Structures are given as C-alpha cells and as structure tokens.
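Below: the structure, in structure tokens.
Values in this document were obtained by computation on a predicted structure and should not be read as measured data.
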Amino acid sequence: MKYDFKTQDSKWQKKWEEAGIFNASADHSKPKFYGLVEFPYPSGAGMHVGHIKAYSGLEVISRKRRMEGYNVLFPIGFDAYGLPTENYAIKTGIHPRLVTDRNIEKFTSQLKRVGFSFDWTRTVDTTDEKYYKWTQWIFRKMFDSGLVFRATTLVNYCPSCRVVLSNEDSQGGKCDICHSDVIQKSKDVWYLRITEYADKLLEGLNHVDYLPNIKLQQENWIGRSEGAFANFAIAGTGDYLRIYTTRCDTMFGVTFMVIAPEHPIIEKYAGRIKNMPELEAYRAECAKKTEFERTQLVKDKTGVRIDGLTAVNPANGKEIPIYISDYVMMGYGTGAIMAVPAHDERDYDFAKKFGIDIIEVIKGGDISKEAYTGDGEMVNSGFLNGIKTKKEAIDKMLAFLYENGLGEKGVQYKMKDWAFNRQRYWGEPIPIVHCPRCGMVGVPYDELPLKLPDMENFAPGEGGESPLAKVESFVNCICPKCGGKARRETDTMPQWAGSSWYFLRYCDPHNDECLASMDELKYWMPVDWYNGGMEHVTRHMIYSRFWHRFLYDIGFVPTAEPYAKRTAQGLILGPDGDKMSKSKGNVVDPNTIVDEYGADVLRVYVLFMGDYGSAAPWNENSVRGCKRFLERVAGLTDIASGKGETKSLEASFHKTVKKVSADIEAMKYNTAIAAMMTLINEIYDHGYLTTDELGVFVRLLCPFAPHVCEEIWESIGGNGFCSVAKWPEWDESKTVDETVQYAVQVLGKLRAVIEVPADFSKEQVLTAAKADPKVAQFINGKTVVKEIFVPGKLVNIVVK
RNA sequence: GCACCCGUGGUGGAACUGGCAGACACGCAAGAUUUAGGAUCUUGUACUUCGGUGUGUGGGUUCAAAUCCCACCGGGUGUACCA
C-alpha cells in the first residue's frame with residue numbers, strides 16, 4: 001500500500017467525526033480518564049508547531065487509554081479574552097468578537113487537520129456569555145466570602161497598553177504583552193485574597209503527582225518562610241518597631257535597623273526627626289524608581305540615617321541607629337528589619353558603606369572580608385554563647401522573646417494578593433455595583449451573566465480607565481440593595497480568570513443551572529493528567545488551584561485539588577536553535593508540514609525529535625526520516641499474509657509491545673517510536689510477517705500515526721476503528737530470546753561477547769566465557785581472584 | 001547572587017536500579033537502480049600508531065562509572081535585596 005496521506009487523512013478525520021468515537025461517553029459505569037491540555041489563546045497568527053507538540057503528548061496517552069477500555073475525556077477549548085485581540089481590534093476597527101470567532105475557526109480547522117482525538121462536542125470559549133456567566137458567578141461567590149477587596153496602591157502600569165498589570169505580568173519591569181517599560185502609578189484596584197490560601201496551596205502539593213521541578217517552582221512561588229516577629233523599642237517613646245526575621249539567633253549581632261522608605265513611623269515621629277528634608281528627598285528618589293529598578297540595584301546600597309530616632313536591641317539593651325533604605329520593602333514582612341551585618345550579605349554591604357559596627361556572633365567565617373551565613377558556635381551573644389547549632393539558638397531566642405513579651409514565632413509568604421482587574425474592554429465585566437449609600441454591592445446571581453456591552457471604540461481612556469466607562473447605559477444602574485441610583489464597576493477581569501476553572505466546565509459544558517453538575521464532577525474530577533508549558537506552572541496553575549480549592553471549600557466541587565498529575569513539554573526551537581519568533585522569521589507553520597508530509601508525519605516527528613520534556617531544534621531532514629518510516633509502515637501490507645505469529649519475530653513483537661506500552665506512560669515517546677522503527681527494520685530483514693502481526697503493529701502505532709494505521713487496519717479487515725481497537729498485550733514469557741549474549745570482561749575490560757542458551761547457570765556461563773580464546777589469552781597463567789556474574793548481561797573475571 | 005536542571009559522534013538524541021557507551025534517526029561516503037533526483041534500495045560511518053583511547057575538566061569510590069562523591073569550567077530554566 002502507498003502512504004497516500006492526501007486522501008487518507010481527510011477520509012479518516014471525517015469518519016471519526018461521523019462516528020463520534022472520540023466523544024466522552026455519558027456512561028459512568030466505565031473507568032474514566034480525564035486528560036487535559038492547556039487550551040490555546042486563539043491568536044491571529046494561527047497555530048504553531050509548539051501547540052502540536054504540547055497536544056501530541058496527551059493525545060497519545062488519551063488514545064492509548066481509549067484502546068485500554070477507558071471512558072476518556074480529552075477536551076479542547078479557547079482562552080479567548082485578551083489584549084492581542086483587543087489591540088488588533090483597536091488598530092483595524094474590527095470588533096473583538098469577530099476577530100475571536102475568526103481565530104477560533106482557524107484554530108479549529110488546523111487542529112482537526114492534525115487528527116487530534118478531541119471531543120469537539122465539549123469545546124468551551126471563555127468569551128461566550130454562557131461560559132463567562134460562571135466566571136462571574138465564581139467571582140461573586142468569592143466576593144460573598146470576603147476574598148475580594150479593593151485597595152489603593154502603587155501599581156505596575158503599562159503606558160503603552162494603558163493597563164494595570166499584576167507583578168506577575170510585569171516581571172523584569174517589562175509589560176508581559178507589549179514589552180514596553182512599566183511605570184508605577186497610584187490606583188484603586190481589585191484584589192483576590194489568594195494569600196489566605198497560601199498554606200492550603202502549599203499543603204495540597206503533598207497530595208498530587210507533579211514533576212519535581214514543577215512542585216519546587218510552586219513552593220518557591222508561595223515562598224513560605226518560618227521565623228520570628230520581634231519588637232524593637234524606639235528610645236524615648238513608648239513605641240516600638242516591629243520586624244520579621246528568620247535569623248533571630250543572630251540578634252546579639254544587630255547593630256542597626258533599616259526600614260522601608262514608605263514606613264509610616266516616619267510620619268508618626270516627624271516632630272522628633274531632625275533631618276526630614278533629607279529623608280523626604282530620598283523618598284522622592286525611591287518613588288521614581290520602578291520596582292524593577294529598585295530590585296536591580298543590588299550592587300550599591302543607598303540610604304539615609306534617621307536623625308533623632310534610635311532603637312533598642314531587645315537582646316542586649318544596646319541603643320542602635322535606624323536608617324531608611326530601599327533595599328527594605330514595605331510589601332514583605334513588616335517593612336522593617338533588624339540588620340546583622342556580620343551574618344547577612346546585604347546588611348554587610350550597607351554597614352561597610354555607612355561605617356557601622358560589625359559584630360561577629362557566629363564563629364566560622366572571616367567577617368573582615370565578608371558576611372558569614374553558615375553555621376557555627378555562638379559568641380558575643382550573652383545567654384546563647386557556646387551553642388553550636390542554628391536550630392538550638394533560634395529556639396532559645398524565641399523562648400526569650402516570648403517570655404519577655406518582645407516577640408513570637410511567625411510565618412511569612414512571598415506570594416502577594418492577586419491584582420484582579422484590567423481597564424480593558426475585551427474581558428469579563430466585574431459584577432459589582434458601586435452605590436453611594438450601600439457601598440460595593442454584588443450583581444444578583446439571577447442577573448448573571450452581566451453582559452459585556454457592544455461598543456464601537458474600544459480604546460482605553462487617557463487616564464487609564466476602562467473603555468466601558470464611556471458606555472452610559474452600562475455604567476448607570478440601580479443598586480440591587482436599596483434601589484437607588486448607582487454606578488456599575490467598569491473594570492474587567494484579567495485573562496487568568498477564564499482559565500482558572502475551564503477544566504470544570506468540560507465535565508458538563510452545556511449546563512445552564514450550574515457551572516457543572518456535582519454528578520458529572522464526581523465522575524470526571526480530578527483531571528488525571530494535565531500537560532502544558534513550564535511557563536504556566538506558577539501563575540495559571542496556582543491561580544486555578546486557588547479557585548478550585550475555594551469552590552471545594554464552599555461545596556461546589558468534589559475534590560480539593562484539580563490536577564492529579566502534571567507534566568510539561570519542552571519548547572520546539574527554530575532550525576537555527578533559537579526560540580521560534582516572528583521577528584526572527586524562524587517559525588514553522590504546522591499547516592505547511594501537513595500539506596507536504598501529512599498529519600501523521602507531523603505527529604510522529606514532534607514526538608520523535610527528542611526527549612519530550614526538553615527543548616529541541618526543528619530539523620526538516622528528520623521530518624523526512626519520519627515520512628520514510630510511515631511509508632515503510634504502509635508497505636508492510638505488501639509482505640503480510642497468514643494468521644498467527646511468526647516464530648522468528650515473536651520475541652521482538654512481544655518486547656516491542658512491552659517497551660512501547662511502558663515508554664508511552666513515561667512520556668518517552670522518542671524511544672517508543674525508535675522501538676517501532678527497530679521492529680520494522682527487523683521485519684523487512686526477515687522478509688514477511690503475518691496479517692495478525694501487522695494488526696498488532698498498527699494498533700501499537702495508532703496513537704502516534706492514526707490515519708495510516710486506520711487505512712491499514714481497514715485493508716486487513718480489522719474490526720471497527722483501529723483508534724478504539726484493543727490495545728495489544730504482551731506475554732512476558734515470550735519477551736525472552738532463546739539465547740542471550742554475555743559481555744565478558746577481564747579486569748573490567750571487554751574482551752569478548754559470547755552467546756549462550758538463556759537458561760545457562762552462572763557456572764556454565766563462566767566456563768563458556770573462560771573457554772573463549774580471546775578471554776583465555778588474558779587469564780592464562782594468572783590467578784582468578786573474583787568472578788562477577790550479572791544474569792543475562794555480563795561476567796567480569798578479576799585476575800592477579 | 002541564589003535554587004534547580006543539563007554537558008555523550010558532524011547533528012537530534014539512546015543507555016533500566018552503577019553492568020557491552022553511541023540504540024533510533026538525520027547527515028555524510030560508496031555502490032545499485034533510474035532519462036534525472038532533494039526518490040528508492042544495499043553497505044559503511046566516534047577516534048586510533050590497531051596496543052589501545054574515548055561521555056565538559058581534574059580528582060575519588062568500585063571488580064565495574066555517562067550514571068555515585070568532591071572541586072572546577074561551560075550552558076539552560078526559574079527567581080531576584082523576601083529579612
């Protein structure tokens with residue numbers, strides 16, 4: 001048979017769709033498998049080969065599960081709210097709704113051309129009012145639970161996009177969307193109190209199977225640290241400065257304090273402070289810097305001493321100076337620190353620059369050269385002297401602080417509350433009404449969805465307010481509580497909102513009564529296997545775990561954690577080894593590959609190109625190699641005949657079935673394909689195989705290259721679709737060859753390879769090994785001291 | 001800076017728990033076939049003075065090290081003054 005993808009691809013895609021074989025079944029009696037891939041943002045550029053690799057991984061798993069008899073839910077949808085679409089709409093004047101629909105259509109046709117086994121009856125579109133009704137509903141529930149609040153703060157603002165960004169969206173001081181510089185601006189913004197869930201999110205990691213580095217990244221992101229709060233009296237006032245430290249064991253070494261420039265203590269004691277103008281000047285300087293600049297200036301510490309205020313070290317009663325410096329942040333801990341220059345690098349730099357005393361309290365380093373942060377014996381530390389471990393010293397100091405009412409144990413997180421709004425048009429309207437009498441009032445549940453009004457000009461206002469503020473009919477409303485005149489909130493939700501719960505909707509996508517019925521959720525959840533990019537393992541995954549945990553706490557989902565297992569694929573790099581990007585012109589369009597080589601070749605290549613979890617460059621020559629492989633597969637029909645098993649191929653078949661089955665589970669797709677290539681090479685060397693064996697081969701390959709396998713399956717009279725035929729089994733006893741090869745080493749060096757019957761004993765193998773002339777040459781006339789025997793593998797003869 | 005991961009032929013990459021390094025594929029070379037080939041098939045393909053030597057470099061543990069330990073060099077990812 002010829003590998004004729006041009007007619008075969010579309011033929012089978014059509015048949016699968018008509019038969020609906022990939023649609024999840026409503027039958028809850030079967031065991032289920034829920035495989036999830038990150039739904040795409042339907043950008044105007046269309047799909048990227050990276051999407052194909054990302055989806056192909058779980059595609060293979062999902063197809064294998066179907067063949068193993070599972071009821072499989074393998075859905076796809078579109079995360080369609082977002083700035084690129086809106087910016088395009090502003091530029092072209094085409095409504096974002098139209099742009100989105102067009103892009104979704106384009107993505108859909110591209111995905112279908114690759115033959116992915118998605119359940120197309122369950123697609124979701126986050127911009128569909130039937131979907132965002134429930135996004136708004138969850139937000140309302142959070143509002144009711146006190147997890148939503150509003151605060152005026154300095155925010156990251158992108159002057160180009162005219163939009164407030166979360167810290168996560170403005171990393172490196174650049175806007176995540178347009179990459180221009182982010183500035184600091186004072187704004188009233190919405191927050192979700194995700195910090196309240198910090199411990200739950202951290203604890204939940206103990207119950208899921210994520211790749212270790214993914215877990216680690218989430219732990220770092222949450223950033224829990226255990227330490228102590230301590231109060232440092234401000235001399236001559238009844239007041240104190242509260243600090244947070246993880247190293248209270250070093251408290252005897254505190255020689256100064258540093259507070260954040262914005263710390264309120266400065267206003268409070270302005271009357272006592274003698275150098276207010278100098279402090280004000282420094283504060284003005286800091287306010288100009290973005291958070292990025294502030295955290296980048298690691299090399300050179302700056303600061304000003306507060307003249308007129310001093311603090312008292314609670315450990316030894318010594319009076320110490322207080323400085324303001326921008327290396328201390330108001331947003332972490334208490335905005336004030338105790339500085340121990342001998343044992344903290346930042347404090348050391350600061351003390352050196354300002355000529356402050358450096359007192360060693362832990363032996364082991366050379367504090368004339370640098371700060372010592374290691375362990376050692378305590379010195380110059382009063383009641384801690386002589387203690388040798390950090391833990392003991394910390395415990396003693398904690399007890400001292402607690403007994404004297406000077407402080408106590410405490411926990412801090414790096415994670416901050418989630419800035420949850422955009423001043424943009426293309427997003428879910430926030431369902432809140434501002435009433436002059438009642439304050440903030442939630443839009444009643446029966447009025448959801450609060451629909452995004454249609455409008456012509458989507459450009460944000462000059463001051464950065466939302467375009468929705470211009471729509472009078474939207475803004476002016478009645479307070480749901482008192483019935484008086486009120487104004488509607490005009491901000492919309494950030495893009496992360498819709499993706500924070502989409503996996504729940506897939507379970508019951510057409511439900512108008514609730515986000516998904518408990519019955520369906522109990523069957524399908526949790527997601528058994530979630531695969532996606534490393535770039536989403538912190539933000540998206542932490543946000544969605546937070547939403548899901550909240551829904552669990554209020555009783556709307558059956559499991560605490562949404563994802564039982566999470567893996568990640570590596571990037572596809574351009575042929576030049578660089579990251580694919582439009583500007584570099586090294587982007588490969590999946591369409592051109594499908595046109596030229598067929599869907600199966602594309603699918604096989606993205607999985608064969610290298611280790612699934614690692615980045616690998618695109619290489620068109622290797623694509624041709626995959627095509628050659630599939631042509632050879634199609635050619636097997638010409639040499640297949642008869643029933644049963646071919647004796648000389650039997651072991652190879654059973655071994656390959658075993659290896660491919662195991663490799664798929666371990667996402668080692670490259671070696672699974674290599675094993676099938678090895679087998680096909682062997683078959684051609686052998687000259688023929690049986691039709692039954694060909695049936696095994698195509699079922700094994702079907703998850704990777706389903707079109708050609710269906711075609712062959714049909715031609716050999718296979719029952720129904722190959723895609724849902726029974727996954728091949730192997731017989732362990734048949735995976736062993738009759739003879740085995742032993743590597744024979746003398747003194748660890750390979751001297752010969754001998755072939756002996758598989759059931760040979762250690763003695764028999766050793767006798768055979770020593771009889772080999774190449775081995776004998778090295779042991780004759782010497783004494784054998786030791787004989788190492790590794791069954792089925794190798795012998796090593798140690799001589800003297 | 002810190003944390004984690006990774007360094008294997010001309011290339012992408014294999015190698016289970018320490019047990020024959022280089023599977024599989026690309027590329028390249030020679031040959032066959034073809035009007036032709038960017039098609040197909042066959043053979044070869046780490047280096048070598050043919051003793052051996054080889055998994056970034058230098059040490060160590062072991063009968064045996066790509067794999068484990070120590071130091072260093074190089075690259076990637078994440079994070080960034082987190083007290």
Of the listed B:A23, B:G19, B:G13, the closest approach to the A:A674 side chain comes from B:A23

When A:Y684 and A:R247 are each assigned the nearest nucleotide of RNA chain B, the 5'-most assignment goes to A:Y684

I want to know whether A:F350 and A:F256 have ring centres closer than 6.0 Å.
yes

| message | What's the gap between B:U55 and B:U8 when it is taken at their P atoms, as a whole Å value? | response | 11 Å

Regarding B:G51, purine or pyrimidine glycosidic angle vs 90° from 0 gives syn

Pull out every protein N or O sitting under 3.5 Å from an N or O of nucleotides 47-54 of chain B, one pair per line with the distance.
{"unit_1": "B:G52", "atom_1": "OP1", "unit_2": "A:R751", "atom_2": "NH1", "d": "3.1"}

Checking A:Y191 side chain against A:K416 main chain: does a donor-acceptor pair fall under 3.5 Å? no

Taking B:C24, B:C81, B:A83 as options, the one with an atom nearest any side-chain atom of A:D326 is B:C81

- Could you go step by step and tell me if A:H686 and A:Y684 meet the ring pair (Phe, Tyr, Trp, His ring centres under 6.0 Å) rule? CA-CA 5 Å; A:H686 183 260; A:Y684 274 105; over 10 Å; no

| query | Looking only at atom C1', what distance separates B:A65 and B:C70, rounded to whole Å? | reply | 15 Å

If you measure from the Lys or Arg side-chain nitrogens to the Asp or Glu carboxylate oxygens, is any gap between A:K2 and A:D4 under 4.0 Å? no

Taken to the nearest whole Å, CE/A:M677 to C1'/B:C26 is 10 Å

With syn defined as a glycosidic angle within 90 degrees of 0 and anti as anything else, the base of B:G58 is anti

**Asked** Given the P atoms of B:A64 and B:G19, what is the spacing between them in whole Å?
**Response** 14 Å

Can you confirm whether the side chains of A:Q412 and A:S225 place a donor and an acceptor under 3.5 Å from each other? no

Rounded to whole Å, OH of A:Y3 lies from P of B:A39 at a distance of 17 Å

Of B:C20, B:C63, B:G13, the nucleotide closest to the side chain of A:A616 is B:G13

Whole-Å distance, A:W221 CH2 to B:A3 C1', equals 15 Å

Taking B:A83, B:A25, B:G13 as options, the one with an atom nearest any side-chain atom of A:T246 is B:A83

Residues 760-769 of chain A vs side-chain hydrogen bond (donor to acceptor under 3.5 Å, both in side chains), sequence neighbours excluded, gives A:S761-A:Q764

Numerically ordered, the residues 601-614 of chain A set in heavy-atom contact under 4.0 Å with RNA chain B is A:F608, A:M609, A:D611

(Q) For A:D395, is there an ion pair with A:K391 - N to carboxylate O distance below 4.0 angstrom? (A) yes

**Asked** Taking the C1' atom of each, how far is B:U17 from B:G56, in whole Å?
**Response** 26 Å

*Using a 4.0 Å heavy-atom cut-off across all strands, classify A:N220 as base, sugar-phosphate, or nothing.*
nothing

By nearest-nucleotide position on RNA chain B, the 5'-leaning member of A:E345 and A:K668 is A:E345

Checking B:C26, B:G19, B:U77 against the side chain of A:V790 (C-beta onward), the nearest is B:G19

Determine the contact category for A:Q412: base if any of its heavy atoms lies under 4.0 Å from a base atom, sugar-phosphate if only primed atoms, P, OP1 or OP2 are that close, otherwise nothing. nothing

When every non-hydrogen atom of A:I359 is compared with those of A:A342, the smallest separation belongs to O-CB, 3.1 Å

Taking the P atom in each of B:A25 and B:A46, what is the distance between them to the nearest angstrom? 15 Å

inquiry  = Are A:Y3 and A:F5 an aromatic pair, judged by ring center distance below 6.0 Å?
reply    = yes

### Task
Using a heavy-atom cut-off of under 4.0 Å over every strand shown, decide if A:A615 touches base, sugar-phosphate, or nothing.
sugar-phosphate

Discussion item. What's A:D347 touching, base or sugar-phosphate or nothing? Going by heavy atoms closer than 4.0 Å.
Written reply: nothing

Would you list the protein and nucleotides 8-11 of chain B atom pairs, both N or O, that sit under 3.5 Å from each other?
none

Would you please indicate if the ring centroids of A:Y240 and A:F232 are separated by under 6.0 Å?
-> no

When pairs are called at under 3.5 Å and a stem needs at least three consecutive Watson-Crick or G-U pairs, the stems of RNA chain B are B:1-7 with B:73-79, B:10-12 with B:24-26, B:27-32 with B:40-45, B:56-60 with B:68-72

Whole-Å distance, A:M329 CE to B:U79 P, equals 16 Å

For residues 333-345 of chain A, the side-chain hydrogen bond (donor to acceptor under 3.5 Å, both in side chains) pairs (sequence neighbours left out) are A:D344-A:R346

*Look at the side chain of A:K301 and the base of B:C81, then say whether one donor and one acceptor between them are separated by less than 3.5 Å.*
yes

So the salt bridge (Lys or Arg N to Asp or Glu O under 4.0 Å) pairs with at least one residue in residues 780-795 of chain A (sequence neighbours excluded) are A:K770-A:E787

### Query
Does A:V708 offer a backbone N or O that forms a donor-acceptor pair with the side chain of A:D600 under 3.5 Å?
yes

The complete set of salt bridge (Lys or Arg N to Asp or Glu O under 4.0 Å) pairs with one or both residues in residues 658-669 of chain A, sequence neighbours excluded, reads A:K64-A:E665, A:R65-A:E665, A:K658-A:E732, A:K659-A:D663

So the side-chain hydrogen bond (donor to acceptor under 3.5 Å, both in side chains) pairs with at least one residue in residues 615-624 of chain A (sequence neighbours excluded) are A:Y597-A:E620, A:Y597-A:R624, A:N621-A:R624

Would you mind classifying the nucleic acid contact of A:G223 as base, sugar-phosphate or nothing, using non-hydrogen atoms under 4.0 angstrom? nothing

Subject >> Derivation of the ring pair (Phe, Tyr, Trp, His ring centres under 6.0 Å) call for A:Y413 and A:Y332 >> reply: CA-CA 8 Å; A:Y413 300 93; A:Y332 183 82; 9.5 Å; no

With the side chain defined as heavy atoms from C-beta on, A:L216 is closest, among B:C24, B:G19, B:A3, to B:A3

**OP:** Measure from the side-chain N and O atoms of A:K215 to the backbone N and O of A:L205, and report whether any donor-acceptor pair falls under 3.5 Å.
**Re:** yes

Picking from B:A83, B:C20, B:A15, the nucleotide nearest the side-chain atoms of A:Y332 would be B:A83

Of B:C63, B:C24, B:A14, the nucleotide closest to the side chain of A:T671 is B:A14

If the P atom of B:A80 is compared with that of B:A71, how far apart are they to the nearest Å? 28 Å

Quick note, salt bridge (Lys or Arg N to Asp or Glu O under 4.0 Å) partners involving residues 216-227 of chain A, not counting sequence neighbours, are A:D199-A:R224, A:R224-A:E226

query = When rounded to the nearest Å, what value does the distance between C1' atoms of B:G54 and B:G7 take?
reply = 16 Å

Enumerate all atom pairs, one protein N or O and one N or O from nucleotides 27-30 of chain B, separated by less than 3.5 Å.
{"unit_1": "B:G27", "atom_1": "OP1", "unit_2": "A:N621", "atom_2": "OD1", "d": "3.3"}

Requested in this report: Using the P atom as the reference point in each nucleotide, state the distance between B:C68 and B:C6 in Å, no decimals.
Outcome: 9 Å

Side-chain donor-acceptor pairs of residues 741-755 of chain A under 3.5 Å, sequence neighbours excluded:
{"unit_1": "A:Y742", "atom_1": "OH", "unit_2": "A:G792", "atom_2": "N", "d": "2.7"}
{"unit_1": "A:E755", "atom_1": "OE2", "unit_2": "A:T739", "atom_2": "OG1", "d": "2.6"}

